[in-house]
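Data first, discussion second: the structure below is written as structure tokens.
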Amino acid sequence: MSGSALYETFARAPLAFDHGEGTWLVTEKGERYLDFAGGIAVNSLGHGHPHLVAALTEQASKLWHVSNLYEIPGQARLGERLADATFADKVFFTNSGAEALECAIKTARRYHFVKGHPERFRIITFEGAFHGRTLATIAAGGQYKYLEGFGPKVDGFDQVPFDDMEAAEKAITPETAAILIEPVQGEGGIRPVPTQSLKKLRQLCEQHGLLLIYDEVQCGIGRTGKLFAYEWSGVAPDIMAIAKGIGGGFPMGACLATNEAAVGMTAGVHGTTFGGNPLAMAVGNAVLDVVLEDGFLQDVQRKALLLKQGLAAISDEFPEVIEGIRGTGLMLGLKCAMPNGKVNMALRDQHLLTVPAGDNVIRLLPPLTVTDAEIHEALERIRAGAKGLAAEIAAAAN
Ligand SMILES: *Cc1c(COP(=O)(O)O)cnc(C)c1O
């Protein structure tokens with residue numbers, strides 16, 4: 001496979017899939033892979049979910065796109081459902097996570113602008129964060145490897161160490177507009193932020209008139225066993241960016257806000273051509289139909305426990321390969337005791353797909369619809385992979 005006409009920006013695995021069935025991906029040659037990568041937390045309901053296929057095909061035969069020049073009933077409906085299910089009153093639909101973050105950042109800046117404080121535009125962020133690849137979101141993420149060579153870093157982002165609430169407090173100045181945080185860091189290595197810390201941030205925001213922004217692009221839409229990860233803490237934000245899982249594989253995202261936080265987002269100040277189009281909205285509504293079904297999220301929590309306990313046993317057995325398990329719900333990380341790329345490869349050899357992350361972690365992000373049998377199968381494959389790597393380490397030591 002030579003993708004020679006493509007930008008070389010991705011180090012792709014030498015694998016091409018022909019179709020998917022639930023938690024499985026099948027190559028053109030008919031080889032089956034257990035998909036615990038989930039398109040990086042995007043395939044929330046697996047591949048080819050009948051309800052999503054029906055919603056997409058039905059909408060496809062009616063209407064794809066009209067632009068936001070006109071009313072889009074499916075968009076109004078999905079917006080209302082997201083508002084009903086969260087802290088939010090208002091929703092803006094986008095095509096990606098980065099665009100949802102752009103909207104969140106603009107919403108926070110506009111809020112202070114219309115309140116008579118245009119000087120308040122800076123946003124505090126945390127090390128290890130990932131917020132996307134646009135110019136503003138690489139500045140927000142603050143990672144040098146994503147900023148290098150792209151000119152001056154977009155101004156207005158002040159980064160403090162992960163989960164360092166004292167540093168966050170010290171970073172607040174008269175120019176600060178907001179604090180932006182992932183309740184569970186994804187790319188950064190599956191690092192949940194303690195409830196106490198979110199409470200502290202909420203309190204700092206109240207005290208200093210700042211807006212609290214959550215990035216739930218990866219941890220939202222049932223991934224942690226609640227519709228949104230912040231529900232575990234009970235600490236609501238003022239603004240929240242979502243994407244990935246809400247589309248179940250259809251590219252879409254959204255920025256959610258309270259009426260108060262969205263006060264500056266009036267007619268004409270922001271826009272999108274594709275965002276919220278009828279196709280995307282049909283799929284987004286269908287994803288919510290399933291995730292909000294009675295008992296669905298409780299079952300995610302139950303399955304997550306099963307997976308986590310199994311992983312802990314493997315880590316106990318092969319600490320020289322996997323030194324610990326972290327994360328919550330079906331957003332789990334294997335903290336590796338050897339290079340995570342090697343572990344990822346060994347699991348791929350077992351026909352189990354996973355995603356490397358920062359901090360030498362391997363991410364497991366199976367569809368929320370994963371079955372108990374598939375969890376047991378994945379655990380067997382992880383055990384086999386770890387056993388092989390442990391044997392290699394032992395052989396090298398002799
Ligand atoms: C993936 C991700 C983004 C960016 O989403 P894109 O759709 O790739 O633009 C932003 N924030 C978090 C937490 C993510 O995981």
Side-chain angles (χ1 to χ4, degrees), residues 7 9-10 12 37-44 92-108 123 125-143 145-147 150 154 157 159 162-163 178-193 198 212-224 228-230 237 239-256 272 274-277 280 283-284 287 326-333 354-359 361-366 368:
Y7 266 38
T9 47
F10 298 106
R12 297 172 197 273
I40 318 184
V42 165
N43 300 106
S44 45
F92 182 93
F93 288 102
T94 68
N95 311 291
S96 67
E99 285 171 281
L101 264 303
E102 288 275 343
C103 181
I105 293 162
K106 288 177 76 174
T107 301
I123 296 178
T125 67
F126 293 86
E127 277 172 24
F130 182 81
H131 299 299
R133 297 293 199 109
T134 62
L135 288 169
T137 55
I138 56 176
Q143 298 202 42
K145 63 179 176 182
Y146 298 143
L147 284 160
F150 293 116
V154 169
F157 299 95
Q159 196 154 63
F162 178 76
D163 197 32
I179 299 173
L180 165 60
I181 190 165
E182 296 160 80
V184 184
Q185 273 194 357
E187 311 289 317
I190 311 290
R191 298 197 290 180
V193 178
L198 294 179
L212 183 58
I213 308 173
Y214 286 161
D215 179 346
E216 290 225 18
V217 167
Q218 192 161 152
C219 61
I221 309 294
R223 185 54 47 195
T224 66
F228 291 104
Y230 79 82
I239 301 172
M240 181 165 77
I242 70 172
K244 292 200 167 95
I246 181 65
F250 198 96
M252 63 175 294
C255 176
L256 285 61
T272 169
F274 291 125
N277 90 2
V283 179
V287 168
R326 49 166 83 162
T328 165
L330 290 175
M331 187 175 184
L332 296 174
T354 57
V355 197
D359 206 21
V361 163
I362 292 287
R363 272 178 284 181
L364 303 179
L365 303 160
L368 308 181

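Quick caveat: nothing in here was measured; it's all calculated off a predicted structure. Every number for a ligand or one of its atoms is a count from 1 in the order of the listing.
Inter-residue side-chain proximity for L332 and I190 is flagged as unmet; no heavy-atom pair is nearer than 4.5 Å.
Under the salt bridge (Lys or Arg N to Asp or Glu O under 4.0 Å) criterion, D359 pairs with R326, K335, sequence neighbours left out. Legend: residues meeting salt bridge (Lys or Arg N to Asp or Glu O under 4.0 Å) with R191, ordered by chain and number and at least two apart, are absent.
If you look at ligand 1, the protein residues with a non-hydrogen atom under 4.0 Å away are S96, G97, A98, F130, H131, G132, E182, D215, V217, Q218, K244.
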Could you pull out all donor-acceptor pairs under 3.5 Å where a side-chain atom in residues 135-143 meets a protein atom, sequence neighbours excluded?
{"from": "T137", "atom 1": "OG1", "to": "G132", "atom 2": "O", "distance (Å)": "3.4"}
{"from": "T137", "atom 1": "OG1", "to": "R133", "atom 2": "N", "distance (Å)": "3.2"}
{"from": "T137", "atom 1": "OG1", "to": "T134", "atom 2": "N", "distance (Å)": "2.9"}
{"from": "T137", "atom 1": "OG1", "to": "T134", "atom 2": "O", "distance (Å)": "3.3"}
{"from": "T137", "atom 1": "OG1", "to": "T134", "atom 2": "OG1", "distance (Å)": "2.7"}
{"from": "Q143", "atom 1": "NE2", "to": "A129", "atom 2": "O", "distance (Å)": "3.0"}

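T354 and R363 make their closest contact through CB-O, 3.5 Å (heavy atoms, listed as atom of the first residue, atom of the second, distance).
By the 30° and 60° cut-offs, the orientation of the rings of Y230 relative to Y214 is tilted.
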